[in-house]
Structure formats: C-alpha cells, structure tokens
Amino acid sequence: MAPKQQSEGTISRQIGRGVTDSSSDMADKAVQYLHDIASNPKSEEAFDFSALMEWAGKRMRDQQAPALTGRHGPSTASLADLQPVSFKTLLTDARGEEKVIYLKIRSVSIGNGMTLAVQDSEEKEGSVWSLIEYPLPGGPASMAPGTFIAVREPYYGTSPNGQLAICVHHPTDIEHIFKFDSKAMEQFPSLRAIEQITSPLRAEDAAFVSSSLMEALDCYSEGIAKVYKQPTSKHIELAGEFCALLSKRAFTYARTGLHNEAFADATEALIHEPKHQQALKIGCSSALEIGKYDGNQRLSEKVALRMQHIKGQCDLNTLAGKTTRSNMVHDVSHSIGDIEIRESKLGGRGVFAKQRFVRGQIVLWEKPIAMSFDEKVSSFEHGLRNFMGHDNGDYCNRSSMAFVQQLAAKTAADPSLAEKLFDMFDGSQPEPNVHGGSEKQIFDSYRAINIVKYNYHNVNWGNASINQQFYDPNTKFEIPKEFQGSRGSSLDHSLARGLWYMNSMLNHSCLPDTSFTNIGNLLIVKIQGDIEKDEELTTEYVERGLPYEERKKGLTKYAFECCCPLCEIEVSLPPEAKAKRQQMYQPPEVELPTAVQNRSVRTVGLESKIQDTLKTYGAELKAELPCVLMMQPLFNLAHTYLGPIADWGKASPGLRAKGHDYFLWTLMLGLRINLLHAPSTPYCKLAFSKHSLTHAIGVLALIGLAGLAYISPALLERKRAVALLRCAKILYKMHYTEDATFDERSQKYKCKSLSAGIDAVAPPEDWDKVKGAPQTKRGVGMNACNSNVSIHGMA
Ligand SMILES: C[S@@+](CC[C@H](N)C(=O)[O-])C[C@H]1O[C@@H](n2cnc3c(N)ncnc32)[C@H](O)[C@@H]1O
C-alpha cells in the first residue's frame with residue numbers, strides 16, 4: 001500500500017470532540033441538534049437553525065470551526081482496510097479517519113462542484129459535495145440515482161453553500177461500489193438482491209469482450225427481462241443497473257449493425273436516466289446511422305446539451321454534416337529525442353542531452369496531459385476559493401479550476417496519465433513522487449492545483465495555426481474552433497494552456513538552449529544553440545528579452561532565483577553597459593547607425609520595409625533580441641527573389657536589385673549589431689557566447705557579401721566572392737571550433753542538403769574558373785543563400 005500522505009495544516013476534526021470552546025452554549029446545542037436529527041428527523045423543528053448557521057459562520061471566520069479548516073491529503077487506504085460508519089457516527093468524528101461511509105445516491109446536482117443527495121445504510125439522508133464534478137470515470141452519469149458509492153475517510157464539513165455535508169476534496173476519495181463488494185452488501189442488503197438478479201451478467205460482459213455478440217445480446221436481454229419482472233418498488237433501486245444493461249445491449253446491437261434496435265434501447269435508457277453518457281453516445285451514433293438524427297429533436301438536443309456541457313459550444317448538425325472519411329484526423333504520437341531526466345544542478349530534476357544536438361533539431365514532440373482554454377466554462381471558482389480556504393493565489397482562478405477538473409476527469413479515465421501528472425513538480429521539491437508505486441493512483445486536488453501552477457505552459461499559437469491533420473483525435477475537442485487557425489485572432493491566447501509531462505521537466509534559463517512552438521495540441525521543443533552530450537536543456541519560464549528586473553519578478557511565482565550566466569552578469573553590469581543592454585531590449589525600431597547609413601547605397605524606405613517584415617514574421621520576433629532575428633527573414637526575402645534563379649548571372653536587373661537590397665539590409669543589420677555590442681563590454685562577450693545568435697551574423701553577412709559579389713556584373717567584384725566565402729568559413733570555424741565543410745556539417749545536422757551548395761559550387765578552383773564568367777553552369781543560386789539557413793540551422 002502507498003505511504004499514507006500527511007495531512008497539511010491544522011485539522012480540527014470533530015463536530016463533537018472538536019468543540020473546544022466549552023463556553024459556547026451554541027456548540028453544545030449544535031452537537032445535540034446534530035445527534036437529534038441523526039436519530040429523529042422531526043427534532044429539526046425544535047431547533048433554531050439560523051442561530052446554528054450564524055454560530056457556525058462565526059466559528060469558521062474565527063478559524064475555529066468544528067469542521068475541517070486545514071488541508072488534508074487524499075485517502076490512500078483501501079476499502080477493505082476501512083471501518084464502515086454511518087452519518088450518525090460521522091457526526092461525532094468529522095474526519096472519519098480509517099472509516100468509510102457507504103451511501104446510495106438519491107439525486108445529483110451539478111454546479112459549484114457536484115452535490116449528491118444521499119442516504120446511508122441506516123436510511124439517514126445527507127449530502128456529499130465534491131469539488132470535482134467527475135469523481136468517477138464516466139462523469140456525472142456514473143453517479144446516477146440508485147448508484148452506490150463509498151467515501152473513504154470522509155470529511156464532514158461545510159460545503160461551499162454553507163451546509164453541512166461530506167466534503168470530497170479529492171475525487172479518488174469517492175469510489176463506485178459494485179454489487180460484488182461484500183462489505184457494501186453487508187451495509188446495503190439490497191445490493192445482494194441486485195447481485196442475485198444480475199449475476200448472470202458477468203458472463204455477458206465476458207461474451208461481449210470475447211466478441212460473441214449474439215451470446216452477449218442474449219445475456220443482456222435476460223438481465224433486462226429480469227428487471228422488468230421486479231415489483232415497481234424495486235425499480236428505483238435497479239435503475240442504474242437497468243440503464244447499464246440497456247446501453248450495453250444498445251452497443252452490442254450497434255456492433256452487429258442493428259442500429260434501429262440500438263437506437264430504441266438507448267432511447268429507453270435515456271428515459272430512465274437522461275444523462276446516461278453511454279446511452280447518449282450510442283443513441284446519437286445509431287441515430288446518425290439510421291438518418292434519424294435531424295428527426296429526433298429530443299435526442300439531438302440532449303446530445304448537444306451534453307456535448308456543450310463537456311466541451312463548450314458546438315454545432316452538432318454542422319459537425320455531423322462535415323464528417324467524412326477524408327477529413328478524419330490522424331493521430332500523431334509522441335516523439336522524444338535522445339534526452340533523459342536527471343538530477344540537475346539548477347534545481348530538482350532537469351532534462352539532459354544524451355547526444356550532441358545542434359540548433360534547429362527537434363528533441364521533443366509531445367501530446368498534452370490536458371489543456372484548458374475557456375475562462376468561462378467553470379462555475380467552480382467559488383468552490384475552489386472555498387477549497388483553498390480563501391487563500392487564492394494568482395493561479396486560483398476559473399481556468400485553473402477548469403484545468404484541475406479536466407485533469408481529474410482524464411486521469412480517472414487513464415491511470416497512466418495520473419502517474420505522469422503526479423510525478424510533476426508540485427512546489428515541494430525535492431520531495432519524490434509521493435504516490436509512486438501505489439497500487440491505486442490517488443488524485444490529490446491540492447497537489448494538482450500546485451502542479452498546474454508550477455508546470456503549465458501557455459500555448460504559443462503564434463507560430464503554427466492548427467492543422468486538422470495534426471492533432472490528436474482523442475483530444476480534438478480540446479481545441480475550440482476559435483483557436484483553430486488562430487493567427488491574428490482577437491482572442492486572448494494566454495487563456496490557452498496545457499500540461500506536457502516531458503516539457504515540465506525542463507528547468508529555466510534566461511539564456512535557454514531550446515525554444516518551443518505548438519502545432520495543434522502538440523508541444524514541439526527545438527534546440528536553439530548547439531548542445532553537447534550531457535548538457536542540460538533549458539527553456540524560458542518568463543519571456544526572453546525582458547530586462548533583468550522584469551525577469552526576476554516573473555520568476556518569483558516559481559519560487560527560485562535564477563543564477564544563469566545572463567542574470568549573474570546583469571546584476572554586476574556597469575551603468576553604461578546597462579544602458580546598452582537596455583538599448584538591445586528595445587523593439588527593433590530600426591534606426592541605423594549613421595556610419596552604416598552613409599555607406600549604404602539604398603537605404604530609402606528601409607525602416608518601413610523592415611517593419612513590414614516584422615509584421616510578416618509575427619509578434620514573437622519582437623520578444624527576441626532586436627535585429628538578430630531580422631537576419632533570417634531578410635535572407636528569406638532575398639531567397640524569394642533570387643532562389644528560383646539557377647544562374648544569377650542571367651537574372652534580370654530588377655530581380656538582382658531586389659536581391660541586392662535584401663542582402664544589403666541583412667549586412668547592415670549585422671553591422672548594426674556589431675556596433676551596438678561594443679566588444680569591450682561583458683555583455684558583448686556574452687552575446688558572442690555559445691548560445692547567442694550574434695556570432696552567426698558575421699558568417700551570414702560574409703556569405704551574403706559573397707552572394708552579392710558573385711551576382712555583380714563587375715568582374716572585380718565577382719573575384720571577391722571566393723575570398724569572402726573563405727572568410728565566412730574561417731569565422732565559422734572560430735565560432736563552431738570545427739573544420740567541417742559546410743556540406744558535411746549540414747548533413748551531420750540533418751539540415752537541407754547542400755550538395756549543390758557552396759562547397760560543391762565554390763571550391764576555390766571552381767571559383768577561379770568562374771572568374772570573369774558570370775554565366776557559369778554551376779550557379780550558386782539559391783543554395784548559396786540558402787546555405788546560411790542550413791549551416792547555422794536558423795530555421
Ligand atoms: C517545471 S519545474 C522543472 C522541473 C523540476 N526541476 C523538477 O524537478 O521537477 C519548475 C521548478 O524547477 C525549479 N527550477 C527550474 N529552473 C530553475 C533554475 N534555473 N534554478 C533553480 N531552480 C529551478 C524550480 O523549483 C521551479 O519551480
């Protein structure tokens with residue numbers, strides 16, 4: 001059995017024993033009252049209920065409430081180890097440690113969590129409030145009237161509406177009771193009766209599983225007939241069982257292609273239990289099959305309502321109309337590169353490279369554990385605030401609650417997700433996985449809230465619009481329509497967030513060596529600077545490019561102080577260097593240094609063109625170091641004009657002029673950056689450090705110059721191309737400490753092949769040959785420009 005989790009905070013447990021304020025008459029009266037109503041419901045009339053509530057409210061405010069006021073962990077005990085209690089006993093022992101209460105559900109209401117009207121084994125009425133709407137797989141439908149549940153180690157306290165109820169904070173504290181639970185049968189003899197009626201049904205489930213569909217149909221029909229034969233007084237008790245049988249038979253019919261029969265069974269089940277999820281699903285699918293969907297208004301409305309409840313607004317008719325085989329989505333599986341989780345010097349665990357990686361390589365391609373979009377879906381804010389004891393941090397808001405709600409539902413359905421979820425950092429580092437190795441995965445809502453706080457990742461919609469082909473069919477509804485293809489959408493993207501397991505292991509650095517993007521619900525992590533084997537991969541928890549103070553502020557919620565090289569240098573910078581750094585953080589409103597401008601032949605309109613380029617490449621560029629990233633868009637623009645031309649020498653003057661412009665701008669930006677980072681400042685050293693982009697610029701600039709020279713009609717200029725390329729190589733070697741040819745390197749890095757690129761085209765002897773011969777057959781063309789992309793992986 002898993003180690004029992006320690007309860008946090010003060011737990012003043014008992015309504016009876018816990019009343020420490022003996023001077024309070026009301027407390028004694030209240031205890032008496034609670035005992036009285038437990039044994040005699042009529043005594044309610046004789047009691048001043050409002051005075052009790054007032055007293056209870058005051059006690060709660062004074063933090064001395066007789067109910068639980070602190071946090072408590074989820075129960076880790078198995079049902080077999082717990083002692084059954086009734087409401088009556090529970091009233092004198094509010095926590096019910098090592099106890100279990102067996103209950104029968106009378107009705108369910110959703111909103112502000114889920115409230116169940118219940119009856120205990122002594123037929124005493126009471127209620128259960130659950131923070132999470134979906135404590136059991138199958139959602140509220142699995143909580144249908146007539147269902148038996150057990151609440152492990154129940155905590156009897158004040159629910160958010162102020163009433164006394166069993167408060168279930170952790171969804172795994174509620175358990176479904178099946179008819180073969182002997183202890184439950186002792187509590188509820190009627191369970192034994194159900195067991196007797198439905199005993200042959202286990203055979204039919206086995207038959208269904210083994211695909212003996214006809215046999216399964218017979219068994220289900222036999223069970224249904226038995227229920228019909230029961231006296232009406234038993235019907236409520238059997239309702240849950242009956243609906244299950246009907247929907248199982250409906251499913252079996254659907255599997256055998258008998259959609260009319262499936263539809264009839266599903267509809268009957270829905271009459272008894274309008275929210276029965278399985279019946280809704282089968283009813284809807286069989287209705288679609290037999291073309292009854294539009295005709296059956298009632299069913300379609302129900303399905304639409306249910307879908308809305310689960311997923312938010314959606315138009316089923318349109319959806320159904322649009323569905324064809326050709327637009328079915330394809331599943332995309334995870335892909336995790338050669339990386340591993342290990343202890344990190346930065347803090348706790350981190351992700352490490354098991355091999356050498358280079359810029360641009362994708363190391364992680366991961367599906368989320370859950371995503372959350374909508375601020376409005378949850379009516380749980382109140383419940384959460386109550387749950388958190390009004391101590392709501394910035395993460396205690398509607399979307400966090402919706403997130404936790406989702407996590408509870410998803411992990412209930414898939415225990416392997418629960419394992420991953422609770423392996424994530426929950427703020428109590430270096431605490432190991434508390435529930436690791438437990439037979440049953442426990443859902444600790446308090447931990448889940450913290451896990452969301454420390455690990456959620458905003459979705460970066462900017463880079464990739466959602467392509468229907470790419471997202472996971474199991475989670476496709478997680479992406480609402482508004483977010484699909486959302487570039488330029490007016491919606492607040494920060495509402496979209498997700499939890500990705502492997503990604504959550506990445507520690508922060510202000511000089512991160514990875515970057516991320518999203519395609520659909522996939523999170524894609526790319527290498528941003530060359531990484532050696534055993535080096536740690538880092539990401540940014542706060543927007544990069546922010547000044548030191550702002551980064552520091554942003555990191556406070558993660559409860560650590562960053563000591564990355566950038567932070568270390570920045571705290572000790574002299575004022576002039578700080579000013580320069582400040583200048584770097586400015587958005588790139590291009591104001592070229594005069595020296596550069598004077599040398600420029602064509603600077604007219606440069607600013608506006610660069611601004612246009614910025615717009616084209618999105619706001620994300622602005623968050624980067626200014627200008628550095630402008631290199632790539634400009635090179636891309638140059639490619640647009642020059643790329644398709646096999647032989648630059650033959651290019652039209654107009655095209656050459658365009659290419660010329662873009663190369664020139666690229667060079668000027670490179671120069672501007674060099675001017676900006678005067679080599680004497682410590683920051684400059686940093687900028688030229690391994691993970692900086694700046695060092696690439698020199699190489700790019702030289703290649704650009706070579707390209708310019710090569711397309712020049714002047715022979716003298718063309719001759720310079722070889723020398724410039726050699727310089728580019730030398731610079732390249734200096735920065736990458738490698739002597740590989742561009743071609744080898746590009747192949748090693750799995751970049752675009754450069755076989756027709758620089759080395760192939762421009763070994764010195766070849767260049768000698770082309771001297772004075774602009775119409776060479778082996779045009780450098782696009783490859784020469786493109787090489788800058790491949791060589792440095794600046795994808
Ligand atoms: C998303 S988790 C990262 C994985 C975590 N290290 C683990 O063991 O699960 C975030 C937490 O890791 C720690 N952390 C991340 N980056 C750090 C850094 N640069 N320095 C110190 N601690 C860091 C902080 O405790 C932070 O709240």
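No hydrogens, no waters, no symmetry mates; every other heavy atom, side chains included, goes into these values. When a ligand or atom number is given, it counts from 1 through the structure's own listing order.
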(message) Taking only non-hydrogen atoms of S504, do any sit less than 4.0 angstrom from ligand 1?
(response) yes

(request) Check each atom of ligand 1 against the heavy atoms of Y454 and keep those under 4.0 Å away; list them by number with element. (result) 1 (C), 27 (O)

(message) Any nitrogen or oxygen of L346, side chain or backbone, less than 3.5 Å from one on ligand 1?
(response) yes

(message) Whether the Y446 and H169 side chains hold a donor-acceptor pair (N or O, under 3.5 Å, no angle test) is what I'd like checked.
(response) yes

(message) With heavy-atom distances below 4.5 Å as the criterion, would you say the side chains of L506 and L537 are in contact?
(response) yes

(request) Output, in order, the C-alpha distance, side-chain angles, deciding distance and verdict of salt bridge (Lys or Arg N to Asp or Glu O under 4.0 Å) for R349 and E343. (result) CA-CA 4 Å; R349 298 158 298 177; E343 205 176 307; over 6 Å; no

(message) Below the 3.5 angstrom mark, is there an N/O of R349, backbone or side chain, next to an N/O of ligand 1?
(response) yes

(request) May I ask you to check if ligand 1 and N507 share an N or O to N or O distance below 3.5 Å? (result) yes

(request) Using side-chain contact (heavy atoms from CB on, under 4.5 Å) as the criterion, point out the one residue from T539, N455, V351 that pairs with M505. (result) V351

(request) Could you tell me which atoms of ligand 1, counted from 1 in the order shown, lie closer than 4.0 angstrom to a heavy atom of L506? (result) 3 (C)

(request) Look up atom NZ in K410 and atom CG in L421, then write down how far apart they are to the nearest 0.5 Å. (result) 11.5 Å

